[in-house]
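Every chain is numbered from 1 and lettered A, B, ... according to where its sequence line falls, protein lines coming before strand lines.
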Amino acid sequence: MDKFKVIFHIDEQDKADLMLHNIRNLMADLGEENLSIEMVANSTAVKMLVKDTNVFAATLKELAEKKVVLCACANAMRDLGIQKDELLDFVTVVSAGVGEIVKKQTVGWAYIRP
Amino acid sequence: MDKFKVIFHIDEQDKADLMLHNIRNLMADLGEENLSIEMVANSTAVKMLVKDTNVFAATLKELAEKKVVLCACANAMRDLGIQKDELLDFVTVVSAGVGEIVKKQTVGWAYIRP
Amino acid sequence: MDKFKVIFHIDEQDKADLMLHNIRNLMADLGEENLSIEMVANSTAVKMLVKDTNVFAATLKELAEKKVVLCACANAMRDLGIQKDELLDFVTVVSAGVGEIVKKQTVGWAYIRP
């Protein structure tokens with residue numbers, strides 16, 4: 001079977017907890033082995049991917065180990081003054097969060113915006 | 001003509017009024033007979049599908065009679081302590097709201113998140 | 001190469017600044033010449049397309065000149081008492097914002113909801 005492919009989009013930091021719940025519930029429902037998941041954070045939501053005092057770090061690490069791709073938008077990082085080395089080690093920087101979302105949808109990924 | 005197929009996603013209860021307006025406006029615009037519509041409520045938005053003191057009950061019943069499928073996420077129900085028999089009679093319980101959304105988009109349904 | 005085609009959906013006026021940033025960042029990332037972009041405003045977000053005292057007017061004009069299609073929902077205009085001639089000259093009125101979004105996704109456009 002082809003895998004289900006899903007982009008999660010977050011641009012509000014206070015949606016982080018809900019979105020992480022969504023991702024875990026999705027894995028439990030459809031099965032990790034049947035899913036490719038990518039999370040794209042832009043705007044102020046990029047802060048949820050920073051190392052320092054991050055209450056989501058353990059959950060994010062667990063998801064990264066399960067092959068969830070966690071992306072931070074470089075435009076948002078520049079606007080917020082966040083450097084690459086301030087992000088959790090397993091985070092991928094993309095040139096533009098919205099560009100990444102468009103490219104993925106164009107090749108058939110589903111889109112969820114919690 | 002093939003029908004237009006649309007998933008409406010709601011995870012914030014205070015978006016309920018807007019979303020029900022959206023669904024009615026969509027039916028008026030494209031024609032009920034040309035549409036398959038499913039609404040998926042997860043997180044706290046599941047509360048809008050509960051029987052008790054529900055200001056949206058009449059509108060929801062009207063939509064259900066017009067074949068709009070109204071879904072409640074079982075994960076959210078468990079988190080909120082809501083039992084199946086507390087939901088309006090015409091509501092469908094799905095194992096995971098996000099799983100339902102992904103499965104529908106994968107087979108070509110459009111996605112709207114008010 | 002086929003163009004990337006993208007619908008931006010806004011129904012909350014306070015998302016206007018973020019969405020306009022998103023559109024500019026998308027153009028810079030994927031290249032204006034590779035993109036067809038349409039913005040659909042419904043609900044109270046239609047107010048961002050009104051002429052009077054509009055802080056976004058210059059940015060919207062610049063985007064319209066770059067072929068971004070800016071749409072206002074006629075249902076929202078009626079609900080808010082906004083007439084066509086009160087909108088910025090380059091705005092397109094669509095019969096229903098959600099209908100426009102569904103029609104575009106049905107023919108392969110990506111969807112972003114900031």
Margin query: Is A:Leu18 close to chain B through its backbone or its side chain, or both, or neither, when contacts mean heavy atoms under 4.5 Å?
Written below: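 Side chain of A:Leu18 only, per the 4.5 Å heavy-atom cut-off to chain B.
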
Just list the donor-acceptor pairs under 3.5 angstrom between chain B and chain A, please.
unit_1: B:Asp11; atom_1: OD1; unit_2: A:Lys15; atom_2: NZ; d: 3.4
unit_1: B:Glu12; atom_1: OE2; unit_2: A:Lys15; atom_2: NZ; d: 2.4
unit_1: B:Ser95; atom_1: OG; unit_2: A:Asp29; atom_2: OD1; d: 2.5
unit_1: B:Gln105; atom_1: OE1; unit_2: A:Tyr111; atom_2: N; d: 3.0
unit_1: B:Gln105; atom_1: NE2; unit_2: A:Tyr111; atom_2: O; d: 2.6
unit_1: B:Tyr111; atom_1: OH; unit_2: A:Arg113; atom_2: N; d: 3.0
unit_1: B:Arg113; atom_1: NE; unit_2: A:Arg113; atom_2: O; d: 3.0
unit_1: B:Arg113; atom_1: NH2; unit_2: A:Pro114; atom_2: O; d: 3.4

Checklist line | Which residues share a side chain to side chain contact (heavy atoms under 4.5 Å, CB included) with B:Ala74, sequence neighbours left out | finding: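 Checked B:Ala74 against side chain to side chain contact (heavy atoms under 4.5 Å, CB included); matches are B:Val93.
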
